[in-house]
Structures are given as C-alpha cells and as structure tokens.
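Atoms within each ligand, like the ligands themselves, are counted from 1 in listed order. Atom set for the values below is all heavy atoms of this structure, side chains included, hydrogens, waters and symmetry mates excluded. Remember, predicted model here, so these are calculated numbers, not experimental data.
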Amino acid sequence: MKKLLALTAIAAAVVGAHAQDFPSKPINIVVPFAAGGPTDRVARDLAEALRKPLGGVSIVVDNVPGAGSSIGAAKVARANPDGYTLLLNHIGMSTIPTLVRNVPFKVETDFEYLGIVNDVPMTLISKPSMQANNYKELSAWIAANKGKINLGNAGVGSASHLCGLLFQSATKTEMTPVPYKGTAPAITDLIGGQIDLLCDQTTNTSPQIEAKKVKAFAVTTNKRLTTPLLKDLPTLQESGLKDFQVTIWHGLYAPKGTPAAVTKKLNDALKVALKDPDFIKKQEGLGAVVASDGRIEPDGHKKFVNAEIAKWSPIIKAAGVYAD
Ligand code: ASP
C-alpha cells in the first residue's frame with residue numbers, strides 16, 4: 001500500500017513538473033476541416049497570436065478534415081491529455097450531436113473547454129455565372145430550378161451543412177447536397193461553377209466577394225453587418241425567411257484530463273491573444289467579432305456550448321434536417 005501511495009505521489013509530481021514546464025515543445029492545433037477554409041483561417045491567426053503569451057513556442061496547425069469535423073474532433077478527444085494537442089472547432093460542437101447519429105466523441109465529457117474565440121456571420125453566395133443579382137431574383141431562380149440545384153457544404157454536420165439544411169427548410173426547396181472536406185475546396189468548385197450555392201462564413205467568403213469571384217445575396221445574422229464590403233447585403237430574415245438566424249462561433253479545446261495547471265496556462269494565453277490588436281484587426285476585416293465576454297473563460301465556454309446544444313437541438317429536429 002505504502003509503495004502504491006509513493007508511486008502515485010511520484011506520478012503526480014511528474015505531471016506537476018511537466019505542467020510547470022508547459023509548454024516546452026511545439027503545440028498542435030487540430031483543425032477538423034481542409035486548409036484554407038474559415039476554421040483554418042481562424043486557427044492560423046490565433047496560433048500566431050498565442051505564440052508570444054505561450055513563451056514563443058511553435059504552434060502548428062494540423063488539418064484533420066472529414067465527416068463535418070467529427071474525425072478531427074475525435075482525434076483530439078483521444079489524444080494524450082498533456083496540452084500539446086488542441087482542437088479549434090466551431091458551432092459543429094453543439095449541432096453535430098443532433099445533426100449526425102453515432103458521433104465518435106462526446107462533446108460534453110471528452111474535452112476541457114479553453115474559451116470561445118470569435119463569432120462569425122455567414123453569407124449566402126453563388127457561382128459567378130448565376131443569372132440572379134439580388135435575393136429576389138435568386139429566389140425566383142430557385143423556384144424555377146427546383147430539383148436541379150447543387151448546394152455545397154463542408155461535410156455532413158458542418159456549419160455550411162447546417163445553414164444549407166435550414167435554408168432548404170425555410171424555402172421549402174430540396175437541393176442536392178455536395179459535401180467537401182471543408183469550405184476551401186467547396187469555394188473552389190463554386191468559383192468553377194460545379195456547384196450553384198453555398199452558405200459559409202464571412203471569414204472566407206469576404207475575399208471572394210470582394211474579388212467578384214462569387215456573388216453574394218444575403219447574410220444569416222438578424223441584423224445587417226457593418227463591414228463596408230458586406231453592409232449592403234440584406235439579412236435572410238428581411239428577405240422573407242422568418243426567424244432565419246445562424247452565427248458561427250469558434251472555441252478552443254483540450255482532451256479531457258489535461259492537468260488544470262496546463263489548461264489555466266492555455267486559457268491565460270488565449271485571453272492575451274484575444275486582445276492582440278493584430279488578431280482583432282485581421283478578424284474584424286473578415287466580418288468576425290473577437291470574443292470578449294464571459295465565454296472566454298472555461299466555465300463560460302462550457303455553459304455556452306450547453307446552451308447552444310439546447311437551442312439547436314429542437315430547431316434541427318423541428319426542421320427535420322438531421323442526417324443519417
Ligand atoms: N466553414 C466550414 C463549415 O461549413 C468549415 C471550414 O472549412 O472551416 O463548417
């Protein structure tokens with residue numbers, strides 16, 4: 001018994017010592033979508049802003065795309081809980097459990113919550129050759145093309161999938177879903193005209209809208225945006241889709257069981273990063289709002305995700321939009 005207690009004490013001391021040294025080697029942030037997309041973009045900007053408050057350590061973004069973020073999130077849920085493997089994921093953390101059956105991780109119990117990073121509106125965009133030039137014309141085009149419309153998404157359970165499902169339900173139009181491993185490949189095909197429509201975060205649609213490589217029709221927030229590029233776009237609500245409102249948020253997670261001393265260091269660093277003027281400027285330029293409320297604390301983050309699960313679950317079920 002004494003020997004066991006001694007071993008436990010040694011193990012605790014080793015974990016404690018490691019926690020004290022943290023971070024002493026590169027940290028991986030898993031992005032569960034393809035490189036070049038909105039989640040990837042946030043992660044790369046955040047990695048840069050986290051570097052200094054984490055003592056200059058390298059922070060590597062590791063893209064593990066597939067299954068609307070489930071594959072990457074499951075990888076982090078099973079990773080060594082030492083703080084060196086983190087997950088940056090979006091609203092999917094709260095919608096996947098309802099949207100997709102048999103998710104390979106438990107959002108509520110498999111992660112340590114490190115804080116919310118930002119909120120990002122979405123935009124409804126189309127291929128550049130779309131004949132419609134405003135939402136009214138687009139809705140006439142949709143009515144005239146029922147059964148022939150290809151709607152892209154970043155995988156079953158992704159934010160664009162959620163937005164697209166809600167859009168089909170609100171417009172009472174079935175469209176053909178075309179899944180990708182992230183927004184980046186979906187936008188490439190939208191620009192090429194292989195798909196017709198996509199609903200996705202402003203972080204990635206803004207540069208394409210500005211370059212006129214895609215057409216933009218509406219935003220998914222309940223108020224118009226103030227970003228100069230997007231301020232003239234109507235909301236879907238004012239375009240006649242009552243109650244249509246989706247805003248995407250991103251949060252940072254560690255595997256469950258990561259020592260408290262390590263999660264504290266990570267949360268402290270995150271709070272410094274969220275005040276970094278360069279990070280804020282980059283995010284705001286892309287229509288995102290950097291988090292500064294109680295959700296940047298682990299407790300606030302967890303409460304928020306639970307509230308989002310409670311909010312989205314009945315909406316998804318009522319819209320009858322879950323995927324098998
Ligand atoms: N924006 C994507 C989504 O629809 C994912 C991404 O590539 O960031 O979930």
Check your understanding: Can you tell which part of Asp200 has a heavy atom less than 4.0 Å from ligand 1: side chain, backbone, both or neither?
Key -> side chain
Check your understanding: Would the number of heavy atoms belonging to other residues, nucleotides or ligands and lying under 6.0 Å from NZ of Lys213 be above 12?
Key -> no
Point to revise | Nearest non-hydrogen protein atom, atom 8 (O) of ligand 1 | key: Thr39 OG1, 2.5 Å
Review point. Of the protein's non-hydrogen atoms, which lies at the shortest distance from atom 4 (O) of ligand 1, and what is that distance?
Key: Ser160 OG, 2.5 Å
Check your understanding: In this structure, are over 12 heavy atoms from other groups packed under 6.0 Å from Lys311 atom NZ?
Key -> yes
Review point. More than 12 foreign heavy atoms under 6.0 Å from NZ of Lys75: is that the case here?
Key: no
Exercise for review: For atom 2 (C) of ligand 1, find the nearest protein heavy atom and state the residue, atom name and distance (0.1 Å precision).
Suggested key: Thr183 OG1, 2.9 Å
Review point. For residues Gln283 and Asp45, is any side-chain donor paired with an opposing acceptor at under 3.5 Å?
Key: yes
Review point. For the rings on Tyr84 and Phe22, is their centre-to-centre separation under 6.0 Å?
Key: yes
**Study point:** Proximal ligand 1 atoms for Pro38, defined as those under 4.0 Å from one of its heavy atoms
**Key:** 1 (N), 6 (C), 7 (O), 8 (O)
Exercise for review: Considering heavy atoms of the protein only, find what lies nearest to atom 1 (N) of ligand 1 and give residue, atom and distance to 0.1 Å.
Suggested key: Gln201 OE1, 2.6 Å
Review point. Which atoms of ligand 1 have any heavy atom of Ala154 under 4.0 Å away?
Key: 2 (C), 3 (C), 4 (O), 5 (C)
Practice item. Using a strict 4.0 Å threshold on nitrogen-to-oxygen distance, state whether Asp276 and Lys271 make a salt bridge. Key: no
Practice item. Check whether any heavy atom of His90 sits under 4.0 Å from an atom of ligand 1. Key: yes
Check your understanding: Has ligand 1 got any nitrogen or oxygen that is less than 3.5 angstrom from a nitrogen or oxygen of Ala159?
Key -> yes
Point to revise | Contacting atoms of ligand 1, where contact means under 4.0 angstrom from a heavy atom of Gly182 | key: 7 (O)
Review point. Considering the options Ile316, Val100, Leu165, which one meets the side chain to side chain contact (heavy atoms under 4.5 Å, CB included) requirement together with Thr95?
Key: Ile316
